[in-house]
2 protein chains.
Amino acid sequence: MGVVTEPQPSRRRATVHDVAREAGVSRGTVSRVLNGGYVSEQARAAIEAAIRTVGYVPNTAARNLVMQRSRAVGFIVHEPHALFLEDPNIGAIMLGANTVLSDADLQMVCLVTDSARDTERVTRYLSGGFVDGVIIVSARAADPITDAVVRLGVPAAFVGHPQTTVPLPWVGIDNFTAARDITRQLAKTGRKRVGMVAAALDRDSGADRLAGFKEALGDTFDPDLVVEIPLYEYTAGLRATQELLERAPDVDGIFAASDAVAAGVLTALRRSGRTVPDDVGVVGFDDSSWAERCFPPLSTVHQPAAGVGERAAQLVVAQLAGQDVPRDGVLLDSPIVWRDSA
Amino acid sequence: MGVVTEPQPSRRRATVHDVAREAGVSRGTVSRVLNGGYVSEQARAAIEAAIRTVGYVPNTAARNLVMQRSRAVGFIVHEPHALFLEDPNIGAIMLGANTVLSDADLQMVCLVTDSARDTERVTRYLSGGFVDGVIIVSARAADPITDAVVRLGVPAAFVGHPQTTVPLPWVGIDNFTAARDITRQLAKTGRKRVGMVAAALDRDSGADRLAGFKEALGDTFDPDLVVEIPLYEYTAGLRATQELLERAPDVDGIFAASDAVAAGVLTALRRSGRTVPDDVGVVGFDDSSWAERCFPPLSTVHQPAAGVGERAAQLVVAQLAGQDVPRDGVLLDSPIVWRDSA
DNA sequence: TTGTATGCGTTATCAC
DNA sequence: GTGATAACGCATACAA
């Protein structure tokens, strides 16, 4: 079944030394054409030719060692795998970050950690100067990675509010206000009994969205109309809605803590024979790419995910350039996108 | 607004030298307790204490340099950003790969390249021994990264068939057979005029799915019933369906090249007043998490994305262990998942 | 303009 | 068991 790899060419990689020998110059001169410096046209030509013939490529480790920097920035996603897949924002955040990092000629290396072993290894990497800076997505309370970053003083930016007492630069959105506003708008469509499927209350995003919901409803808030689930997740959202419907068959509006949850809400509603938005109005949160593909298309809060990634990256790029950055949060706009589900 | 970072602690990181001095031993002994070797209990205790007090962490670059390896494996996604976000499989593949890499105590570093600049930088990294091996997702024809990998002899595994003449290990699914089978099943639901929204014909996956579709239909295949779009994408799928409907209002079955495309098909069908699956049967490809959240839930081909990632990772782990691996493709099962859209 | 020498932080090979 | 010492591949200050 197929050819097999021959036992390693084991052809030693060419070094500066080889190039120098081939070109008949010293290693210093070679290094100079590589990094820019005074060098005669003649020597340059000879060296560039030599580089091609010996197939030279600079060694990252050696360069990092002497330069004391790696020109790489870590993008750390510390999430259980399931959630990583579920969350449509992470990809966009990552791409946004990569855009500005790339412009600064910095290599983004994405490290995803699920197990404790992963975390331990990533922490080791961070400490060892593997990266010059780091962007951390969804750090949790008492996160060992966060601790390491703070302890080592690695230039960093967090996406979402880091749950720590240490002042750290972070970027996110105002979940509270956005949740409050979209709930109000939902209520204004004439709903009398509006409930919520709240999720991820152990994170600031989840907790703030619930708080915003309460704020919007004020006196009319009824704790019986909110059911909580642990993660932003479709299936849990579906189940929660079934429970909500049982508890209060007269709900006519539902705020789902995320679009994925909202999709579950829609399915549950459809199965119960209710129509959206006529019988029940539904709003979500995220404005993921699937929001407009739901049926009916979801009214939701737009998360500027790419923008968040870009901003976070800018924050570490600035620190790498020696600039001071505010060690607190920067909030990006999260406008409401009104479609057909409410 | 907020505190600012103090101008760099600039506290030099502790080295083995510092530890040795603190513990009153030589650097060799320190290295020995770090990497396992004969060392007296007494010395070990002193050194471990010293490590804590000076806050020593090993330097990755230095270690990589002397060890001639990095214990890191690159996961390279070479895609336009839009597609990266659209493709629900990439995340799962990545997580699958990370699982087995993590078990082998290898750090997965994910490099995403969109611009030419990205590509150039990643190529540099690869060449420089930044990683010991590499997993490449969706390499294209004449891909500079693929070229570099082949030229350098870096242990690698491809996800999907690399478009090159060089024999390389890869893992994927049999798009042709899967497409053929699900098309047959769609036809068997009594459809007389079945069309296809074909996508990404410049890749093996897209081309093979179209070929399978043709094969299934045999004599009844009508080229007028297939419309092509460049990428696996919702909006393009929607437009394409509108065109198809105009061209052939009597279609009663549609094979969408992916779930995202299928979502577009569903929307177009709904807008045209047709019901699914009564008027038109629809099938997709991928079995992404949103397939079951469509309305109606999508009949589709299940892609074992996590499995693909795992297998690819195993392939490079094996090579890193000095084992020979077949330099051809390994195909994973991609069963049909029948739901309600056809 | 170019060559030489030194150091970056580790590991590994020796004697001791 | 332990301590010197030589690589590893590169950049750079300094001498030429």
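Numbered from 1 within each chain, the chains take letters A, B, ... in sequence-line order. Side chains are part of it too, since the values below use all heavy atoms of this structure and drop only hydrogens, waters and symmetry mates.
Taken from CG in L95(B) to CZ in F75(B), the straight-line distance is 9.0 Å, to the nearest 0.5 Å. Atom CD of Q314(B) and atom CD of Q323(B) lie 11.0 Å apart (nearest 0.5 Å).
For V150(B), the side chain to side chain contact (heavy atoms under 4.5 Å, CB included) partners at least two apart in sequence or on another chain are T146(B), V166(B), L168(B). Applying the salt bridge (charged side-chain N to carboxylate O under 4.0 Å, His left out) test to E48(B) and every residue at least two apart in sequence or in another chain returns nothing. Residues meeting the side chain to side chain contact (heavy atoms under 4.5 Å, CB included) test with D204(B), sequence neighbours left out: H161(B), Q163(B), D208(B). A search for side chain to side chain contact (heavy atoms under 4.5 Å, CB included) contacts involving V131(B) returns A72(B), V109(B), L126(B), not counting sequence neighbours. Taking A306(B) as the reference, E310(B) meet the side chain to side chain contact (heavy atoms under 4.5 Å, CB included) condition, with sequence neighbours excluded.
Side-chain N or O atoms of D132(A) include one that pairs as donor or acceptor with a backbone N or O of R71(A) at under 3.5 Å. T123(A) contributes no side-chain N or O that, together with a main-chain N or O of I145(A), makes up a donor-acceptor pair within less than 3.5 Å.
Every pair passing side chain to side chain donor-acceptor pair (under 3.5 Å) that includes a residue from residues 28-41 of chain B is listed here, sequence neighbours excluded: S26(B)-T29(B), S31(B)-N35(B). Sequence neighbours left out, the pairs with a member in residues 91-104 of chain B that pass side chain to side chain donor-acceptor pair (under 3.5 Å) are D118(A)-N98(B), D118(A)-S102(B), R121(A)-S102(B).
Within a 6.0 Å sphere centred on CZ of R117(B), other residues, nucleotides and ligands contribute more than 12 heavy atoms.
Less than 4.0 Å separates DNA chain C from at least one heavy atom of each of the following residues of residues 40-65 of chain B: Y56(B), V57(B), P58(B), N59(B), A62(B), R63(B). Remark: V25(A), S26(A), G28(A), T29(A), R32(A) in residues 22-36 of chain A come within less than 4.0 Å of DNA chain C through at least one heavy atom.
First and last contacting nucleotides of DNA chain D toward chain A (any atom under 4.0 angstrom from a heavy atom, 5' to 3' order): dG9(D) to dA13(D). Taking a heavy-atom distance under 4.0 Å as the criterion, the stretch of DNA chain C touched by chain A extends 5' to 3' from dT1(C) to dG9(C).
If you check every strand for non-hydrogen atoms under 4.0 Å, V16(B) touches sugar and phosphate atoms only.
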Does the side chain to side chain contact (heavy atoms under 4.5 Å, CB included) test come out yes or no for M108(B) and L111(A), once each step is laid out? CA-CA 7 Å; M108(B) 182 187 81; L111(A) 310 177; over 6 Å; no
Before giving the answer on side chain to side chain contact (heavy atoms under 4.5 Å, CB included), spell out for I135(B) and L101(B) the whole-Å C-alpha distance, their side-chain angles and the decisive distance to 0.1 Å. CA-CA 11 Å; I135(B) 296 169; L101(B) 255 23; 4.3 Å; yes
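Each end of the helix from dT1(C)-dA16(D) to dC16(C)-dG1(D) gets its own axis from five base pairs, and the two axes differ in direction by 40°, given to 10 degrees.
Annotation: side chain of V330(B) is in contact with side chain of L332(B) (closest heavy-atom distance under 4.5 Å).
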